[in-house]
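All remarks here apply to the structure that follows.
Order of the sequence lines fixes the chain letters, A, B, ..., with proteins taken first and strands second; residue numbering starts at 1 for each chain. Just so you know, these numbers come straight off a predicted model, no measurement behind them.
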Number of protein chains: 2
Amino acid sequence: MGLPSNDRNRLPSWRSAAYAAPVTVTLRDVARFADVHPGTASKALNEATRDRVAPATVRRVLEAAERLGYQPNTFARGLRTRRSYAVGVVLPDLTNPLFPPIVRSVEKVLAAAGYTTLIVDTDNDPATEERLMTMLRARHADGFIIATARREHPVAEAGDLVPMVLVNRLTEAALVPAVAGDEAAGIGTAVEHLVSLGHRRIGHLAGPQDLSTGFGRYRAFLDATQRLGLASADCPISFADSYSEASGLRAAREMLAAAPTAIVAGNDLIALGCLDALAEAGLKCPSDVSLVGFNDMPMLARLNPPLTTVHLPQEEIGTEAARLLLDRIARPDGPAKRLLLPCHLTVRGSTARPR
Amino acid sequence: MGLPSNDRNRLPSWRSAAYAAPVTVTLRDVARFADVHPGTASKALNEATRDRVAPATVRRVLEAAERLGYQPNTFARGLRTRRSYAVGVVLPDLTNPLFPPIVRSVEKVLAAAGYTTLIVDTDNDPATEERLMTMLRARHADGFIIATARREHPVAEAGDLVPMVLVNRLTEAALVPAVAGDEAAGIGTAVEHLVSLGHRRIGHLAGPQDLSTGFGRYRAFLDATQRLGLASADCPISFADSYSEASGLRAAREMLAAAPTAIVAGNDLIALGCLDALAEAGLKCPSDVSLVGFNDMPMLARLNPPLTTVHLPQEEIGTEAARLLLDRIARPDGPAKRLLLPCHLTVRGSTARPR
DNA sequence: AACGTCACGGCAATCGATTGCGGCTATGAC
DNA sequence: GTCATAGCCGCAATCGATTGCCGTGACGTT
């Protein structure tokens, strides 16, 4: 797998290879230089067809390509082969620190397989997402990794699909491969942690219910509290209408009326808003109220108090998503694997025994 | 400017447009449907040549394209026109919160002009950068926005260049357009702020000197302290060898031997490391030592103490970079404009009068 | 010596959009 | 009624790489 002739397209010098103005050298030039027909040169350059050319000829062609600094024309190749060796990575929000590490490991795996990663940011806007998807399709992306997580997302209904892998979202129809952190287990251990500290009145600041993560964590919270024998009356729930500090603040104000001794937030941003609400109400964290976040975004350890949170294996998620996609591209009709990667609870200073 | 026929390539339904398996409809199909020659259909679809076709025919072709859901083949078009309507954005580190807002505004401006943004992350690795640049060149990017900031960067020497704009780096040869925050002025106001609070012994935790930002801020610090009449003996300087908390910690430990009453850090991460060093030494910020960061990364306001820092107009930087690039693509031989955007000091709780 | 086999490489069509050139038709002028 | 002009459209070459098919020559076999 991989671009047939990448290995020998490298040039010694930076300048000529990467930044200098284009000096177009085509396959014809290489062929002329090696004194063969362009078709033959093509076969020599392509690992898959190389055995149809005499070894000595292959050497001559390779040599010529190297000398001339041949770079195959992506357009011509793509036009003929209908493949781009590019995959699109569709993110809801690049400024969310959750995604960059995922993107990075995706890029690493795909690059090793000869693929180019096209990152796009939909800014959580369906219209932008449509525009960008159309663009990626027009550029003939061979596959997609999709991290936008609205529950009524159109991919859910699509039947005959282009190769794609869903990230951070497992609630869709089972025909699409997906990778995500095991959020239910994550929420579960968070609740267990609080219960083991002695909490009995545990609230949940749920994220937006139209996002699959918000919905999934909410359900997981319900399951966990029930499983651990907490009365649902003791487990107040407020809904934040976005993953933001402001929404978290609003939801937390509501929540505090129910006087829980611990709170599980839908994500870290909501937890931050909750921290503000606690301060407002003159409550101390963790002595009055314990708090758990979700995602383990950077800098949380430096907060006051340092936030206990559920950590997602971002790098692994990216790696696995890329592998699944490569699988899918190679065998579009294979089974749609779905991977749940373990999350772990990072205990810091925002959780303690109730008074 | 812009892709000739974008406006009418939109399809009503998501599924068919964006996620469903490809149903290739070519220009021939449109032409057949509209009962014209493919060449004529092409002219009708292209705004620039539309006036060479009778209005009634244009309407028929447009109608046909709409009905059939025609999407021009990027490869075929690119092969013929040698343009991709794609630009590469080369970042040193996607996980650095400085960049996502810049990328976003870049994307917005470029999209409005019909261009696609290709984001790549070099991970601060020259070899990766070369690989990615070569890839972008192979994909015939029409231009580049480059935010990787090593001082001995190859673009500095390149003569005949592909259209590009440098971001956050103005120290290069003047032939390349560039946009950056006015870091010198930013450092200047930071130092002025400290002086106006009464500080006379102000240290600088400089960033890596092989990065243009590290070097530039260091020089700016020297200038500012001198201009304000501080003795250079009272202005100790330590060098961090990377923009990281660990390096900041190391450099700050050194620095504290000189007992400054205030410190200007090369960036926020270094400032965080400095905070740790202060804690280690039993020093309180800001009562014992005042501290100023640089970049205003997220969450700084929630720290203890909230960090005073220099804020960069990221969005504006992105917008201007994109505009400059479009300029450059349109007129590659025009003058290389260089833009310095004002920074401002965000005063929070980490700076106070010295005791 | 004649024939079959195989390895090698040339040939040309193809992918789909673009575009300069040239031809056709309709219109208007005299 | 004839000719000039311009508007409109078709034609075909072109961009560069890929690939199935076929021809050629060498070698081995009987």
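We find that CZ of Phe75(B) is positioned 13 Å from C1' of dG16(D), with the value rounded to whole Å. Rounded to a whole Å, the CZ atom of Arg32(B) is 14 Å from the P atom of dG10(D). To the nearest angstrom, P of dG16(C) lies 11 Å from CG of Leu27(B). Computed from coordinates, the Tyr85(B) OH to dT18(C) P distance equals 10 Å when rounded to whole Å. Rounded to a whole Å, the CD atom of Glu47(B) is 13 Å from the P atom of dT18(C). The CZ-C1' distance, from Arg50(A) to dT19(D), rounds to 16 Å in whole Å. When the P atom of dA17(D) is taken as reference, atom CD of Gln71(A) falls 11 Å away, rounded to whole Å.
Contact annotation: Tyr70(A) reaches the phosphate of dA17(D) (side-chain N/O to OP1 or OP2, under 4.0 Å).
To the nearest 0.5 Å, atoms OG1 (Thr117(A)) and CG (Leu132(B)) are separated by 8.5 Å. With rounding to the nearest 0.5 angstrom, the OG1 atom of Thr116(A) is 9.5 Å from the CG atom of Asp142(A).
Glu315(B) and Ser105(B) share no donor-acceptor pair across their side chains, judged by distance under 3.5 Å alone.
With sequence neighbours left out, Asp35(B) forms a side chain to side chain donor-acceptor pair (under 3.5 Å) with no residue at all.
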Generate the contact string for nucleotides 5-15 of chain C. Rules: B means base contact, S means sugar-phosphate contact only, - means no protein heavy atom under 4.0 Å.
---SBBBBBBB
N/O donor to acceptor pairs below 3.5 angstrom from side-chain atoms of residues 54-61 of chain B, sequence neighbours left out:
residue, atom, partner, partner atom, Å
Arg60(B), NE, Ala34(B), O, 3.0
Arg60(B), NH2, Ala34(B), O, 3.1

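A salt bridge does not link Arg104(B) with Glu316(B): none of the charged nitrogens is closer than 4.0 Å to a carboxylate oxygen.
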